[in-house]
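Notes follow the structure.
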Number of protein chains: 2
Amino acid sequence: MDGERAPVMADVARIAGVSHQTVSRVLNDHPNVRDRTRERVLAAVRELGYRPNAAARTLATRRTRTLGVISFNTTLYGPACMLYGIEQAAREYDYFVTVAAVGTLDRRSVLDAVDRLRNQGVAGIVVIAPQTAAVGALANVPKDVPLVAVGCGAHTALVSVAVDNEAGAGLATSYLLDLGHRTVHHLLGPRTWLDAQEREAGWRAALEKRGAPVPEPLAGADWTARTGYEHGRRIADDPGVTAVFCANDHMALGLLRALQQAGRRVPEDISVVGFDDMAETEYFGPSLTTVRQDFDELGRRALHALIEIVGDPDSGIPASGRRPHIVIPPSLVVRASATRPRHRTESPT
Amino acid sequence: MDGERAPVMADVARIAGVSHQTVSRVLNDHPNVRDRTRERVLAAVRELGYRPNAAARTLATRRTRTLGVISFNTTLYGPACMLYGIEQAAREYDYFVTVAAVGTLDRRSVLDAVDRLRNQGVAGIVVIAPQTAAVGALANVPKDVPLVAVGCGAHTALVSVAVDNEAGAGLATSYLLDLGHRTVHHLLGPRTWLDAQEREAGWRAALEKRGAPVPEPLAGADWTARTGYEHGRRIADDPGVTAVFCANDHMALGLLRALQQAGRRVPEDISVVGFDDMAETEYFGPSLTTVRQDFDELGRRALHALIEIVGDPDSGIPASGRRPHIVIPPSLVVRASATRPRHRTESPT
DNA sequence: TCCAAGAATGTGTGCGCTAACAATTCGTCA
DNA sequence: TGACGAATTGTTAGCGCACACATTCTTGGA
């Protein structure tokens with residue numbers, strides 16, 4: 001293909017008139033290289049357009065500067081953002097990121113992804129795969145593979161970085177209750193997701209704490225606008241529902257749409273609150289009150305945690321610290337989709 | 001850290017009672033290995049939990065099985081999907097994918113990303129960075145780096161895989177014209193994006209072909225719902241506008257919202273068509289008629305193109321073929337957001 | 001029975017780099 | 001001026017694997 005082979009360290013050494021080891025020293029910022037020598041070497045490097053061979057370095061040092069990311073579906077807003085945050089942070093530490101997407105979330109796929117990444121020789125892995133099954137499978141991974149789970153809820157055996165789902169759900173639920181709603185219905189995410197479970201728990205806890213009745217949560221949704229829509233049609237027919245907390249924004253969108261089609265007004269007839277604060281929620285009809293989670297930050301924090309475990313000699317971070325769970329507080333973004341109920345049935349203020 | 005070192009080929013060889021070379025043969029599916037020997041080797045591999053050292057293999061073979069992806073913003077729907085498609089396809093060919101996200105799109109960032117990837121020794125690069133600036137910068141990359149641009153419009157000097165933006169825009173525009181609109185307004189994407197340019201060209205061509213007046217396109221938007229919203233407020237005040245073709249779905253969402261707030265009904269008063277067909281468009285209010293592009297497929301095709309250039313010996317694909325541009329036809333997805341104009345001002349059918 | 005051709009396996013070497021150690025140079029103080 | 005220690009540079013030996021070649025073992029036909 002290409003005429004001549006890429007220059008190697010020996011070539012640089014010859015041109016600079018030094019030994020290859022000196023070149024290595026310059027490239028790795030070792031002390032005890034005379035300034036003049038260093039400059040000669042760097043000049044030679046530039047002249048040749050030399051670039052070190054990563055594989056050779058890896059082989060010699062027995063350590064890679066690449067990290068793996070396993071992601072269930074990078075197409076979803078949250079995972080996509082987290083991936084972005086991870087990559088950003090990795091760059092700062094001078095690590096590469098290789099991704100392994102898994103199509104389905106059975107144990108096998110997940111373990112398979114772990115395997116592929118290990119074959120490539122990654123130094124550690126961040127998992128964006130918030131399902132219970134995935135987490136279960138991950139528990140079987142040999143402990144010599146540094147592993148951090150991100151956005152997967154906090155109740156896992158793994159080192160994890162996550163938003164505080166329960167607190168977020170509590171925020172949303174309390175907000176609706178404060179508005180004067182007698183109770184708040186909940187459009188569940190898929191129960192196989194830890195986030196969904198935790199949000200449900202937070203919702204339930206908030207209700208119970210306030211002594212509000214706890215209605216049966218609306219189950220069977222899968223995070224998509226489509227299932228939100230389907231539930232919305234049913235809710236529209238139920239005059240008892242005045243407030244709905246949706247486990248994510250996509251479903252809220254579908255719900256909003258169904259209610260609108262059925263002639264139920266939001267927020268006048270029914271208040272809706274979502275979760276995630278994806279970029280477009282502000283422009284839903286009406287703009288959606290939702291719980292914001294900073295996915296970017298989540299990704300970054302996950303990477304930091306991983307680096308900390310891997311132990312980056314260049315950053316002076318000890319390879320020791322054990323920090324099982326990092327929890328990031330979410331915040332409520334108030335927009336137009338929720339308000340006080342029109343016909344207050346009790347407790348007039 | 002871990003007590004003993006990972007097993008190497010020699011360990012396997014010893015246990016299986018063969019030479020390391022035979023182990024290598026088994027692992028690389030070479031012919032001329034007796035079945036019994038192969039089994040002994042594989043048993044030893046399993047027993048030891050041996051996994052080949054990728055770095056060593058790379059060093060010895062002088063070729064990596066990793067590909068790089070440069071992406072401007074994996075947070076957007078399109079790029080996220082393409083990345084997913086790329087990873088999927090890469091896995092089939094047994095390649096790894098490492099991502100390099102760039103925050104801004106100046107030449108420097110892009111070239112920087114290329115550099116990082118080359119340092120890591122990737123065999124080739126897929127670029128998801130549809131801006132003119134990026135493409136310009138890429139033209140400077142040494143030609144010995146296999147490079148494929150994806151979703152960046154077709155008018156580039158690079159090997160590219162893209163949806164046919166002009167055809168898609170034509171589809172949308174003609175559809176609105178066929179409905180009876182006198183003309184179609186266009187909410188432009190950012191002019192620095194090739195997709196935006198091509199969509200504008202397609203819109204303009206369709207209009208001219210039909211002899212319809214060509215209004216000044218609505219400029220200054222940036223793909224986000226926010227700018228779509230801003231333009232929407234202005235459009236709402238303009239009774240002359242009966243049909244709008246938006247350069248993407250996000251902007252269409254903002255537009256829809258603004259129109260609704262202003263009391264203009266869609267599609268009765270104004271018809272709207274988008275571009276992309278992202279997952280939620282069906283649940284916009286009203287559900288959006290849009291031009292679908294199959295991002296996933298785009299990503300997969302890009303990867304195939306790259307593999308073809310890189311030349312994968314294991315797949316029997318020759319390292320020769322030059323295929324500058326691959327264009328994928330888009331399709332129109334008809335939903336509720338567009339209809340015939342209410343007050344037809346001319347050409348009664 | 002023997003030999004040639006081919007199948008099956010083993011041996012040696014180098015990929016490009018870093019780590020450990022050896023050798024050299026330099027400065028400085030007695 | 002000489003010598004000693006620190007700073008600087010060079011030398012050697014792998015890291016784990018695949019390739020080229022050498023060697024041994026099977027066949028099958030004369």
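Within every chain, numbering begins at 1; the chains are lettered A, B, ... in the order of the sequence lines, protein sequences first and strands thereafter. What you see is a predicted model, and the numbers here were worked out from it, not measured in a lab.
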Provide, to the nearest angstrom, the distance between the [atom1] atom belonging to [X] and the [atom2] atom belonging to [N].
X: B:Gln21; N: D:dG16; atom1: CD; atom2: P; result: 17 Å
X: A:Asp35; N: D:dT9; atom1: CG; atom2: C1'; result: 15 Å
X: A:Asp11; N: C:dC15; atom1: CG; atom2: P; result: 11 Å
X: B:Asn119; N: C:dC17; atom1: CG; atom2: P; result: 12 Å
X: B:Arg36; N: C:dA7; atom1: CZ; atom2: C1'; result: 15 Å

Looking at [X], does any N or O in its side chain come under 4.0 Å of the phosphate oxygens OP1/OP2 on [N]?
X: B:Arg63; N: D:dA18; value: no
X: B:Asn28; N: D:dA18; value: yes
X: B:Arg62; N: D:dC19; value: no
X: A:Ser24; N: C:dT18; value: yes
X: B:Arg25; N: C:dG10; value: no

Subject >> Sidechain N-carboxylate O distance under 4.0 Å for A:Arg118, A:Asp115 >> reply: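 Not counted as a salt bridge, because no side-chain N and carboxylate O are separated by less than 4.0 Å.
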
Subject >> salt_bridge(B:Arg300, B:Glu297) N-O dist < 4.0 Å >> reply: yes

Subject >> B:Arg51 atom CZ: more than 12 heavy-atom contacts under 6.0 Å >> reply: yes

**OP:** Please figure out whether A:Ala10 or B:Arg40 has its closest DNA chain C nucleotide nearer the 5' end.
**Re:** B:Arg40

Original post:
Which residues in residues 43-61 of chain B have at least one heavy atom lying under 4.0 Å from any atom of DNA chain C?
Top reply: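 Contacts with DNA chain C under 4.0 Å: B:Leu59, B:Ala60.
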
Subject >> Partner of B:Val23 under side-chain contact (heavy atoms from CB on, under 4.5 Å), chosen from B:Val8, B:Val41, B:Thr37 >> reply: B:Val41

Subject >> First of A:Arg34 and A:His20 reached from the 5' end of DNA chain D, by closest nucleotide >> reply: A:Arg34

**OP:** Give a yes or no answer on whether the side chain of A:Asn28 reaches the backbone of A:Ser24 with a donor-acceptor pair at less than 3.5 Å.
**Re:**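 Yes, the answer is positive, given that a donor and an acceptor are paired below the 3.5 Å cut-off.
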
